[in-house]
Amino acid sequence: MMSIDSNDYKILDRGFYSRDTAIVAKELIGKLLVKKIQGQQLNGIITETEAYYGKNDPASHAFRGRTPRAEIMFGSAGFAYVYFCYGMYYMLNAVTEREGIPGAVLIRAVLPISGTDTMAMRRNTRDIKKLANGPGKLTIAFCIDFSDNGKDLTGGCNNSVDLTIHDLDINLDSRNILQTPRIGITNAKEKQLRFVLKDIGIFNF
DNA sequence: GTACTGATACTCT
DNA sequence: GAGTATCAGTACT
């Protein structure tokens, strides 16, 4: 397995996130999610995302307007939105759209690249494919919890930021990205707002 | 391989 | 008080 140092790849800037949510969700596929913890780097390639809008999207937390929880979705793009679900799991989102317009991309799965020992310990499995192949699993593997809510994914002007997403400069053929209905929701199931990398084999690390 | 179920605590009505 | 952007374990095919 090839190791990837996030310092070799540039952080996605706020302009990347300040666009239509579905476009951001699709383009986040193949990007590198990086968490720095206790001097160690955990990273992995994003393989699955979902787009959530606002008032026209009953499945979104922002559908009912500015509730305290969803407030961050109305703020400026490029920040992390972490929330708690089903009593046990944290979910990681990236805020999208222009300030004042709600939107977020749920990061549902990543392919672990570095720090897999730490992830394996936290997840109680050594199977790389199962370490972070679900939204609840990836937050456990990457040590992401409510303390990460509101962090600036673009790094901002602050070097202490430890949660970032980098551009690997990989040209993904869009035929490699599958578009399907979203998972686990009860409303607006018909919308095709889930994006999945079809073949993780193209990352032959 | 698929199908079902319980665990769990936070958010909003 | 009801609903929830899930997971692991169990049972069954």
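Being a predicted model, the structure only gives us computed values, none of them experimental. Quick note on labels: first sequence line is chain A, next is B, and so on, each numbered from 1.
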ask   = Counting any heavy atom closer than 4.0 Å, what does A:M88 reach on the DNA or RNA strands: base, sugar-phosphate only, or nothing?
value = base

task = Kindly say whether A:P112 contributes a backbone atom to a donor-acceptor pair with the side chain of A:T116 at under 3.5 angstrom?
result = no

Bracket notation of DNA chain B in which parentheses pair within the strand, [ ] cross earlier pairs, and | pairs with another strand (Watson-Crick or G-U, under 3.5 Å) = |||||||.||||.

key: A:H61-A:Y83 aromatic ring centre distance below 6.0 Å   = yes

key: Nucleotide B:dT11, atom P - distance to CZ of A:R64 in whole Å   = 16 Å

request  = Give A:L106 one of three labels, base, sugar-phosphate or nothing, depending on what nucleic acid heavy atoms sit under 4.0 Å from its own.
outcome  = base

note = Whole-Å distance, A:L131 CG to C:dA8 P, equals 11 Å

query = Has A:T67 got a side-chain N or O lying under 4.0 Å from the OP1 or OP2 atom of B:dT11?
reply = no

remark   = To the nearest angstrom, the CZ-C1' distance between A:F63 and B:dT11 comes to 17 Å

query = With centres under 5.5 Å and planes under 30° as the test, does A:Y52 stack with C:dA5?
reply = yes

query = Going by 5.5 Å between centroids and 30° between planes, is there a stack of A:Y86 over C:dT6?
reply = yes

ask   = Can you check the A:R123 CZ to C:dC7 P distance for me, whole Å?
value = 8 Å

message = Whether A:K137 contacts C:dA8 is assessed here as follows: a side-chain N or O lying under 4.0 Å from the phosphate OP1 or OP2. Is that the case?
response = yes

message = On the nucleotide C:dA5, are OP1 or OP2 found under 4.0 Å from the side-chain N or O atoms that A:S60 carries?
response = no

request  = Indicate, with a heavy-atom threshold strictly under 4.0 Å, whether A:R194 touches base, sugar-phosphate, or nothing.
outcome  = nothing

message = What is the separation between atom CZ on A:F146 and atom C1' on B:dT11, rounded to the nearest whole Å?
response = 11 Å

ask   = In whole angstrom, what separates A:H61's NE2 from C:dT6's C1'?
value = 12 Å

task = May I ask you to check whether A:Q40 and A:T118 show a side-chain donor-acceptor distance below 3.5 Å?
result = yes

query = Can you check the A:Y89 OH to C:dA8 C1' distance for me, whole Å?
reply = 7 Å

ask   = What is the nucleic acid contact for A:G87, judged by heavy atoms within less than 4.0 Å: base, sugar-phosphate only, or nothing?
value = base

query = Just by distance, do the side chain of A:R182 and the backbone of A:A51 share a donor-acceptor pair under 3.5 Å?
reply = yes

query = Between atom OH in A:Y83 and atom P in C:dT6, what is the gap in whole Å?
reply = 7 Å

ask   = What is the nucleic acid contact for A:R182, judged by heavy atoms within less than 4.0 Å: base, sugar-phosphate only, or nothing?
value = nothing

task = Would you kindly say whether A:Y81 and A:D148 are connected by a side-chain donor-acceptor distance under 3.5 Å?
result = no

inquiry  = Under 4.0 Å, counting only non-hydrogen atoms across every strand here, what does A:F84 touch: a base, just sugar-phosphate, or nothing?
reply    = sugar-phosphate

key: Between A:D127 and A:T125: side-chain donor-acceptor atoms closer than 3.5 Å   = no

note = Walking DNA chain C from its 5' end, the first of A:I140 and A:G184 to be reached, judged by nearest nucleotide, is A:G184

query = Between A:K129 and A:N133, is any side-chain donor less than 3.5 angstrom from a side-chain acceptor?
reply = no

Distance-only side-chain donor-acceptor flag, A:Q41 / A:S6, under 3.5 Å = yes

